[in-house]
S.K.: 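Below: one structure in structure tokens.
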2 protein chains.
Amino acid sequence: MASTIKDVAKKAGVAPSTVSRVIADNSRISLSTKKRVRKAMKQLGYHPNINARNLAVRSTQAIGVVMPSSADTALQNPFFPEVLRGIGSFAHETEYSLYVSTGGDDDDIFEEVQRMVHGNRVDGIILLYSRISDSVQQFLMEEEFPFVIIGKPSEQENEITHVDNDNYKASLELTNHLIDIGHQNIAFIGGSDELTVTIDRLQGYRQAIQEAGLPLPEEYIVHVEFLKSGGREAVEQLFSLQTPPTGLVVADDLMSLGVINMLEEIGLNCPEDVSITSFNNLYLAEITTPPLTTVDIQIYMLGVHAARCLIEKAQNKDEPAKRIIVPHEVKYRQSTKEIDPTK
Amino acid sequence: MASTIKDVAKKAGVAPSTVSRVIADNSRISLSTKKRVRKAMKQLGYHPNINARNLAVRSTQAIGVVMPSSADTALQNPFFPEVLRGIGSFAHETEYSLYVSTGGDDDDIFEEVQRMVHGNRVDGIILLYSRISDSVQQFLMEEEFPFVIIGKPSEQENEITHVDNDNYKASLELTNHLIDIGHQNIAFIGGSDELTVTIDRLQGYRQAIQEAGLPLPEEYIVHVEFLKSGGREAVEQLFSLQTPPTGLVVADDLMSLGVINMLEEIGLNCPEDVSITSFNNLYLAEITTPPLTTVDIQIYMLGVHAARCLIEKAQNKDEPAKRIIVPHEVKYRQSTKEIDPTK
DNA sequence: GTGAAAGCGCTAACAC
DNA sequence: GTGTTAGCGCTTTCAC
């Protein structure tokens, strides 16, 4: 068994409480005893038992991270390691640890969250997704447990701290870009229409199309499962229409990859025949053929801010709800092309 | 404050110890009191405090997962969410939680691992990478702390439980496949040569080449940073050689994506001019152009097995060290092509 | 079958 | 400045 605070106390000839104060670097302890105690700790290879500490102070110095259910194929998106990296970086700085939930289905996740909350495993929770009428979200609200959402809450927007991009605006920009370079028939390919991120991106697209007075047949809006099957499906649907689109607003780079692929299969070329605009600026956006015009949403920073907000909130229950909008930037690459007026 | 075991005891008119026994579903408690106690728990919305429990039993029901440092660009690889998913799935079944370390650099990680171990935060640790003379690995050995490696330990192979693929053999197969379809000039593109996975894959390649009596100039072996810059660099190097290769064994699908891309940029086509074989069978291997011939290493299963082994080990310190080899399967797709004998 | 009581390792009043 | 002591919420002997 590892040595305890008592062992250290005995060895240094002080009381346990003094050792505790040295650990906390309490200013009322004289430098000489501090030194003595520290030496004893070194010699004994002492490390505080976090469980005991947590029990005593009723906090854990840990934050829970909840990913979408792995049923959700979204999990294969490099988005997640990248947010995790952001969260982890801030957490590390502040000496918090990360507790990750990766349940199989929604029920698993709900259970895990319950365990985290009721079992006092974490001081707060970051949700890595936001969908409408999500039971986890509701549960956390009811429990008044500190949490923040990456993305936009579907309701109670002003009571829930969240960090997000201006997806509406970004989408507007992308769509307008397509319009600016002459596209008239622009379609939207999104993920599940239950995710707020899809909803916002769709809204921005809609707005731009309407402002420009362009046609907006409902068939131009497709919600598909992520990637592979999704990309295929979307392209099949869209390009069997009477007036297939020449411009595409796609809600994720990974989907775009699938789209490019399927286009090629049916004999269409990007950007010659179809221009693609996309979201997320995953590293792979630069190495597709052609490289994607996409919105850099600063995934890493989303994570950093979320962690910061959560920790603030966990340390001070009265911290007001905030909204942090991480700025985005459209990266113009080669997947978009001015429409050929001679065609 | 949430209700405690005492509250429940009072409400049910029993002693705290009885409640405790009910939680553990102790067989010596009469069914009637069990029912009474359970009812009280429900009514009070009672959930055991995990910290207190952990403190009392000196265990945590949590396992630590250590990713490579995020300095390592490997982190952007979809490999990680996928293993996490596997680990998470098994962990969930057995009611373990996941504790994830995502340090910025190697020192951060080392610190976090120390905290995990000494602070009693986790019952065991899974390392998601293996490199030669890794300080974390050493540390865990010295502390005799339960851990398992996904990959192959660089030393003490027989004392460290690990789950791995037969990377040597898989690489041999890939290389032989290229040889079988007529390639004579085959190069290897790997990641850092400090990672055991790279080493094994290189070895398999070497073996196949030598067995076939083919040329193996040292310039045919390149170690590059992951992806983008890496892929570019590798291709640039290899295809400015006097005898550029016609076949490639690439240690990761993500790298392959970069390679295909750069090839195109310099006017070469895969598979017409260059055949590519690759590793991991990431979902994106199916949607590149062309789809990749790659080794399916069953990432998810790697995670599941690792979790299982770790939990066994954590529950029984005498559990012997094991090696689990997860079977692989080469997926033949369109990135490889018989060499044209007329050329 | 159930209760009383000690203790897991730490912190935080409250003393002095 | 430092020591004493009473918990934090749970498990686990040892009684009965």
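In the text below, chain A, chain B and the rest are named by the order of the sequence lines, each starting its count at 1.
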S.K.: Would you mind reading off the distance between Lys6(A) atom NZ and dC8(C) atom C1', rounded to a whole angstrom?
M.R.: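 Distance check: Lys6(A) NZ to dC8(C) C1' gives 9 Å.
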S.K.: Using whole Å, report how far CG of Leu55(A) lies from P of dC10(D).
M.R.: 9 Å
S.K.: Distance check needed: dT11(C) P versus Asn54(A) CG, whole Å only.
M.R.: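 For the pair Asn54(A) CG and dT11(C) P, the rounded distance is 10 Å.
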S.K.: Treating Gln61(A) as the side-chain partner and Glu95(A) as the backbone partner, does any N or O pair qualify as donor plus acceptor under 3.5 Å?
M.R.: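 Yes; at least one donor-acceptor contact below 3.5 Å.
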S.K.: Nearest to the side chain of Asn49(A), which nucleotide is it out of dG9(D), dA4(C), dC10(C)?
M.R.: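 Taking heavy atoms from C-beta onward, the closest nucleotide is dC10(C).
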S.K.: Would you list the protein and nucleotides 11-13 of chain D atom pairs, both N or O, that sit under 3.5 Å from each other?
M.R.:
{"unit_1": "dT11(D)", "atom_1": "OP1", "unit_2": "Arg53(B)", "atom_2": "NE", "d": "3.2"}
{"unit_1": "dT11(D)", "atom_1": "OP2", "unit_2": "Ser20(B)", "atom_2": "OG", "d": "2.7"}
{"unit_1": "dT13(D)", "atom_1": "O4", "unit_2": "Arg21(B)", "atom_2": "NH2", "d": "3.2"}

S.K.: Can you check whether Ser30(B) has a side-chain N or O nearer than 4.0 Å to OP1 or OP2 of dT2(C)?
M.R.: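 Result: yes.
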S.K.: Tell me the interatomic distance from Arg58(B), atom CZ, to dG9(C), atom P, rounded to whole angstroms.
M.R.: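 So the two atoms are 5 Å apart, to the nearest Å.
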S.K.: Could you check whether Thr60(A) and Asp123(A), counting side-chain N and O atoms only, form a donor-acceptor pair closer than 3.5 Å?
M.R.: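 Per modelled atom types, Asp123(A) and Thr60(A) side chains form a pair under 3.5 Å.
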S.K.: Ring centres under 6.0 Å, that's the criterion: do His162(B) and Phe147(B) meet it?
M.R.: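 That pair fails the under 6.0 Å test.
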S.K.: At under 4.0 Å, does any side-chain N or O of Thr33(B) touch on OP1 or OP2 of dG1(C)?
M.R.: no
S.K.: Anything under 3.5 Å between a donor and an acceptor, one on a side chain of residues 151-159 of chain B, the other on a protein residue two or more places apart or in another chain? List them.
M.R.:
{"unit_1": "Lys152(B)", "atom_1": "NZ", "unit_2": "Asp200(B)", "atom_2": "OD1", "d": "3.1"}
{"unit_1": "Lys152(B)", "atom_1": "NZ", "unit_2": "Asp200(B)", "atom_2": "OD2", "d": "3.4"}
{"unit_1": "Glu157(B)", "atom_1": "OE2", "unit_2": "Arg323(B)", "atom_2": "NH1", "d": "2.7"}
{"unit_1": "Glu157(B)", "atom_1": "OE2", "unit_2": "Arg323(B)", "atom_2": "NH2", "d": "3.4"}

S.K.: Using atom CZ of Arg121(A) as one end and atom P of dC8(D) as the other, report the distance to the nearest whole Å.
M.R.: 22 Å
S.K.: Quickly work out the Asn51(B) CG to dG7(D) C1' distance and round it to whole Å.
M.R.: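 Those two atoms, CG and C1', are 15 Å apart.
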S.K.: Tell me the interatomic distance from Lys35(B), atom NZ, to dG1(C), atom C1', rounded to whole angstroms.
M.R.: 17 Å
S.K.: So Lys322(B) and Val148(B), side chain to side chain contact (heavy atoms under 4.5 Å, CB included) or not? Walk me through it.
M.R.: CA-CA 9 Å; Lys322(B) 299 189 189 103; Val148(B) 342; over 6 Å; no
S.K.: State, without any angle test, whether Ser30(B) and Thr33(B) hold a side-chain donor-acceptor pair at a distance under 3.5 Å.
M.R.: yes
S.K.: What pairs of residues pass the side chain to side chain donor-acceptor pair (under 3.5 Å) test when at least one of them lies in residues 131-141 of chain B, not counting sequence neighbours?
M.R.: Tyr129(B)-Asp134(B)
S.K.: Whole angstroms only, please: what is the CG-C1' distance between Asp7(B) and dC10(D)?
M.R.: 13 Å
